[in-house]
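Single-structure report; data block below.
In what follows, every heavy atom counts, from backbone to side chain, and hydrogens, waters and symmetry copies are set aside. When a ligand or atom number is given, it counts from 1 through the structure's own listing order.
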Amino acid sequence: MVAPSFFEKVAPVYEFLTRMFMLGTFESARDRMLNEDTSAFSVLDLCTGTGYIANKIEAKRIVGLDQSVQMMALNDRTKRPNKTLVRGNAYHLPFEDGEFERIYCSSASHEFKLFGKVLAECFRTLKPGGKVAVYDIYQPKNKFYSLIVNTIYRYPVEHNIMWVHTLEEWRKLLTEAGFEVEELEAVRGVFVFVRARKPV
Ligand SMILES: C[S@@+](CC[C@H](N)C(=O)[O-])C[C@H]1O[C@@H](n2cnc3c(N)ncnc32)[C@H](O)[C@@H]1O
């Protein structure tokens with residue numbers, strides 16, 4: 001996991017940098033994650049940061065969880081009556097079993113050496129039939145894209161503290177956590193889009 005102090009420092013310029021490094025998918029990734037009616041749902045924006053999902057989604061209850069005080073301070077500038085921000089650790093979600101219909105995790109899976117443990121927490125806190133959606137960099141097999149991920153993203157952006165997985169590894173992580181994979185595909189060569197369902 002990246003040193004917590006990293007995001008405390010980077011928070012003021014985070015959204016500017018993210019727009020650049022998401023290679024034009026800043027809006028389309030979020031639109032794809034949110035392409036359904038969630039207005040009656042309880043949703044968790046896991047590793048919410050400045051509120052990429054939490055400040056856009058329409059839902060009955062929106063919870064944003066993050067460990068960074070500064071990222072959440074920026075997030076908190078957007079007030080929404082049904083939004084709550086919780087400081088916490090994604091490895092140990094401070095929520096009851098089956099609290100959420102949807103969990104979103106954008107641009108954060110690479111922060112975790114053991115993302116399978118985070119997925120297990122997602123599985124626990126989702127209702128049966130609930131879904132997790134993830135968008136992030138991944139480990140491409142293509143040599144050119146792999147070079148981009150493991151140079152440009154790995155060193156100047158992530159300071160060599162990042163963990164990325166191939167599509168096959170993603171499938172294994174999801175199924176080991178108990179999920180049924182609905183969508184798993186590469187986007188623009190260096191990102192992965194995941195949607196998986198907790199069986200009923
Ligand atoms: C790259 S940012 C992504 C923020 C937001 N989801 C987005 O798409 O812009 C990663 C976020 O993960 C948070 N984070 C990293 N490790 C965490 C952990 N163990 N528990 C909770 N949040 C964590 C960081 O504080 C940071 O806000």
- Task: Decide, yes or no, whether a salt bridge links Lys131 with Glu183 under the criterion of side-chain N to carboxylate O below 4.0 Å.
- Result: no
- Message: Using ring pair (Phe, Tyr, Trp, His ring centres under 6.0 Å), reason through Phe6 and His159 one step at a time and then give a plain yes or no.
- Response: CA-CA 10 Å; Phe6 176 80; His159 300 87; 5.4 Å; yes
- Does Tyr14 approach ligand 1 within less than 4.0 angstrom via side chain, backbone, both or neither, non-hydrogen atoms only? side chain
- Item | Numbered atoms of ligand 1 (with element) below 4.0 Å of Gly88, judged on heavy atoms | 20 (N), 21 (C)
- ligand 1 contact by Phe6, heavy-atom criterion under 4.0 angstrom: no
- Does some non-hydrogen atom of Thr18 fall short of 4.0 Å from ligand 1? no
- So is Ala90 polar-close to ligand 1, meaning N/O to N/O under 3.5 Å? yes
- Message: Please list, in number order, the atoms of ligand 1 under 4.0 Å from a heavy atom of Ser107.
- Response: 1 (C), 2 (S), 3 (C), 8 (O), 10 (C)
- Query: How does Thr48 reach ligand 1, if at all, at less than 4.0 Å between non-hydrogen atoms: by side chain, backbone, both, or neither?
  - Reply: backbone
- Closest non-hydrogen atom pair, Arg80 against Ile57: NH1-O, 2.7 Å
- Query: Which one holds for Glu111 and ligand 1: side chain close, backbone close, both close, or neither close, with close meaning a heavy atom under 4.0 Å?
  - Reply: side chain
- Please say whether Asp45 places an N or O atom under 3.5 Å from an N or O atom belonging to ligand 1. no
- Among Asn89, Ile137, Asp66, Asn75, whose heavy atom sits nearest atom 11 (C) of ligand 1? Asp66
- Task: State whether the number of non-hydrogen atoms from other residues, nucleotides or ligands found under 6.0 Å of Tyr145 atom OH is greater than 12.
- Result: no
- Item | Within 45° cone of Phe193 ring axis and under 6.0 Å: Arg32 NZ or CZ | yes
- Electrostatic pair Glu101:Lys60 at N-O distance under 4.0 angstrom: no
- Item | Sub-3.5 Å N/O-N/O distance, Thr50 and ligand 1 | no
- Message: Just so I know, are the side chains of Ser42 and Phe95 near enough to count as touching, which here means a heavy-atom distance under 4.5 Å?
- Response: no
- Item | Asp66 vs Ser68, side-chain hydrogen bond (donor to acceptor under 3.5 Å, both in side chains): CA-CA, chis, key distance, verdict | CA-CA 6 Å; Asp66 203 284; Ser68 164; 4.6 Å; no
- Message: Can you tell whether the side chains of Lys83 and Asp76 come within less than 4.0 Å, N to carboxylate O?
- Response: no
- Message: Would Met71 count as being in polar contact with ligand 1, using the rule that some N or O on each side must be under 3.5 angstrom apart?
- Response: no
- Message: Under a 4.0 angstrom heavy-atom cut-off, which atoms of ligand 1 come close to Ser68?
- Response: 25 (O)
- Item | Contact atoms of ligand 1, heavy-atom distance to Ser106 under 4.0 Å | 3 (C), 5 (C), 6 (N), 7 (C), 8 (O)
